[in-house]
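Here's the structure, in structure tokens; my notes come after.
Every chain is numbered from 1 and lettered A, B, ... according to where its sequence line falls, protein lines coming before strand lines.
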Amino acid sequence: MKVLDCTKCDIKSSAAKMLNVEELKILGNHCSEVNFKKGEIIFKQNALSSNIVYLKKGLVKIHIAGPSAEQIIKISKPPTYLGIPTTFDEKTNRYSATALEDTVVCFIGLDMFKQFIKGNPNFSYEIIVELCKSELDSFNNTVNRAQKKIPGRVADALLFFNREIYESKEFYIPLSRLEFGNFVDTSRESVSRILTEFHTDRIIQLDGRKIEILDEQRLEAFSKRG
DNA sequence: GCATTAACCACAG
DNA sequence: CTGTGGTTAATGC
């Protein structure tokens, strides 16, 4: 296995920035970098999990196979950890992660990661900050998913891609209509309908998966109104 | 009762 | 895989 030099990594997590050179060398010795092509599974629900997974480049969906359908919990962009809640105290993964674009990931040895948590308060602090943000997002998502109607949820998703992921009014949805439905808790048909509605109302320009947001205010209105 | 919302089904690109 | 149309069930006014 190629030994990684984490001291030279310029895509460090905010936690890894708190490590000194010695610690970064240790990290490199317990870490392997892996490339995934679009569509490849990075780790799978119910499989044994023995690594912390750090997303370095690309885009990933976190999803769970529910009783009746697949549900996309969230879409993560780098830099972020993917497998903390599923790895720390659980033997198996409680969710899957799949690459939506060509993606680069670091698998980090769990034992060593725990040592950093216990030994370096600044490192731990940054990890906690990330976990807190993630939990807050999750709380908000729970409320939004339960209380907003479909147009509001679709608007939310479009604004999410616009602001959080691509930082551009123009982007390609990295999901099929079915996946989009799984992401906003609805059927692929409803997603299609709402998107074409937004298109005919000139709120967005729509061409397959290509989106251009024309009227952010009205999208925002749908999002707020629910 | 009537309108709205959204799911499910079927069929055509 | 995607878009559309018909049908149906639940909910609100």
Side-chain angles (χ1 to χ4, degrees), chain A residues 35-47 55 57-78 82 93-105 137-226:
Chain A
N35 291 290
F36 290 91
K37 293 206 190 76
K38 182 196 280 198
E40 284 188 318
I41 297 167
I42 297 168
F43 57 84
K44 198 169 157 65
Q45 188 175 353
N46 296 328
L55 174 60
K57 283 182 201 160
L59 196 66
V60 167
K61 66 168 177 177
I62 302 296
H63 50 116
I64 289 179
S68 59
E70 197 75 11
Q71 174 148 357
I72 298 181
I73 306 301
K74 67 170 175 177
I75 292 174
S76 293
K77 68 162 185 182
L82 298 178
N93 296 316
R94 295 304 174 89
Y95 52 81
S96 303
T98 303
L100 293 176
E101 293 170 1
D102 292 355
T103 286
V104 181
V105 149
D137 285 346
S138 157
F139 288 172
N140 282 326
N141 275 331
T142 304
V143 174
N144 288 336
R145 281 180 156 167
Q147 297 186 10
K148 286 181 184 178
K149 287 174 295 179
I150 298 174
R153 304 206 295 273
V154 171
D156 275 351
L158 294 176
L159 290 171
F160 167 74
F161 290 128
N162 165 214
R163 292 171 185 171
E164 312 285 327
I165 302 295
Y166 297 109
E167 293 167 38
S168 161
K169 290 198 179 307
E170 236 181 302
F171 54 85
Y172 284 86
I173 302 173
L175 308 169
S176 69
R177 296 291 130 116
L178 178 63
E179 289 174 307
F180 201 134
N182 295 338
F183 185 44
V184 298
D185 295 344
T186 189
S187 62
R188 59 173 192 85
E189 290 99 326
S190 295
V191 172
S192 283
R193 266 187 268 266
I194 300 298
L195 287 178
T196 50
E197 261 179 55
F198 283 172
H199 182 218
T200 44
D201 292 346
R202 298 182 190 285
I203 296 174
I204 61 172
Q205 177 66 38
L206 175 68
D207 179 16
R209 292 191 184 193
K210 190 180 178 189
I211 295 276
E212 185 187 352
I213 293 178
L214 302 176
D215 191 340
E216 200 175 329
Q217 275 70 38
R218 276 201 285 164
L219 262 193
E220 188 82 50
F222 270 107
S223 161
K224 289 221 170 88
R225 194 182 325 139

Quick one: which protein N/O atoms are closer than 3.5 Å to N/O atoms of nucleotides 8-13 of chain C? Pair and distance per line, please.
none

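- The aromatic rings of A:Phe161 and A:Phe180 stand perpendicular to each other, their planes meeting at an angle above 60°, with 30° marking the opposite boundary.
- If you measure from atom CZ of A:Arg177 to atom P of B:dG13, you get 19 Å, rounded to the nearest angstrom.
- Residue pairs meeting the salt bridge (charged side-chain N to carboxylate O under 4.0 Å, His left out) criterion with at least one partner in residues 201-212 of chain A, sequence neighbours excluded, are A:Glu170-A:Lys210.
- Remark: A:Phe198 pairs with A:Phe222 by the ring pair (Phe, Tyr, Trp, His ring centres under 6.0 Å) rule, at least two apart or across chains.
- The NZ atom of A:Lys38 lies 10.5 Å from the OG1 atom of A:Thr103; values are rounded to the nearest 0.5 Å.
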Output one line per pair: protein atom, nucleotide atom from nucleotides 5-7 of chain C, and distance, for all N/O pairs under 3.5 Å.
{"residue": "C:dG5", "atom": "N7", "partner": "A:Arg193", "partner atom": "NH1", "Å": "3.4"}

Pairs under 3.5 Å (N/O, protein and nucleotides 2-6 of chain B):
{"residue": "B:dA6", "atom": "OP1", "partner": "A:Ile150", "partner atom": "N", "Å": "3.0"}

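- As rounded to whole Å, 13 Å separates atom P of B:dC8 from atom CG of A:Asp185.
- Rounding to the nearest 0.5 Å places NZ of A:Lys74 at 7.0 Å from OH of A:Tyr95.
- Residues forming a side chain to side chain donor-acceptor pair (under 3.5 Å) with A:Ser76 (at least two apart in sequence, or on another chain): none.
- The ring pair (Phe, Tyr, Trp, His ring centres under 6.0 Å) check on A:Phe36 picks up nothing, with sequence neighbours excluded.
- For A:Asn182 and C:dC1, the CG to C1' distance is 14 Å, given to the nearest whole Å.
- Per the geometry, CZ belonging to A:Phe180 stands 12 Å off P belonging to C:dT2, to the nearest Å.
- A distance of 10.0 Å separates CD1 in A:Ile73 from OG in A:Ser96, rounded to the nearest 0.5 Å.
- Applying the side chain to side chain donor-acceptor pair (under 3.5 Å) criterion to A:Asn182, with sequence neighbours excluded, gives no partner residue.
- Across every non-hydrogen atom of A:Ile204 and A:Leu195, the tightest pair is CD1-O, 3.7 Å.
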Please set out all donor-acceptor pairs under 3.5 angstrom arising from side-chain atoms of residues 146-153 of chain A, sequence neighbours excluded.
{"residue": "A:Lys148", "atom": "NZ", "partner": "A:Asp156", "partner atom": "OD1", "Å": "3.3"}
{"residue": "A:Lys148", "atom": "NZ", "partner": "A:Asp156", "partner atom": "OD2", "Å": "2.7"}
{"residue": "A:Lys148", "atom": "NZ", "partner": "A:Ser223", "partner atom": "O", "Å": "2.9"}
{"residue": "A:Arg153", "atom": "NE", "partner": "A:Val184", "partner atom": "O", "Å": "2.7"}
{"residue": "A:Arg153", "atom": "NH1", "partner": "A:Lys148", "partner atom": "O", "Å": "2.6"}
{"residue": "A:Arg153", "atom": "NH2", "partner": "A:Val184", "partner atom": "O", "Å": "3.3"}
{"residue": "A:Arg153", "atom": "NH2", "partner": "A:Asp185", "partner atom": "O", "Å": "2.9"}

Only pairs under 3.5 Å count here: list side-chain donor-acceptor contacts from residues 58-70 of chain A, not counting sequence neighbours, and write none if there are none.
{"residue": "A:Lys61", "atom": "NZ", "partner": "A:Glu179", "partner atom": "OE2", "Å": "2.8"}
{"residue": "A:His63", "atom": "ND1", "partner": "A:Glu70", "partner atom": "OE2", "Å": "2.5"}
{"residue": "A:His63", "atom": "NE2", "partner": "A:Thr98", "partner atom": "OG1", "Å": "2.6"}

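- The stretch residues 201-210 of chain A has no heavy atom under 4.0 angstrom from DNA chain B at all.
- For A:Arg163, the side chain to side chain donor-acceptor pair (under 3.5 Å) criterion is met by A:Glu216, A:Glu220, not counting sequence neighbours.
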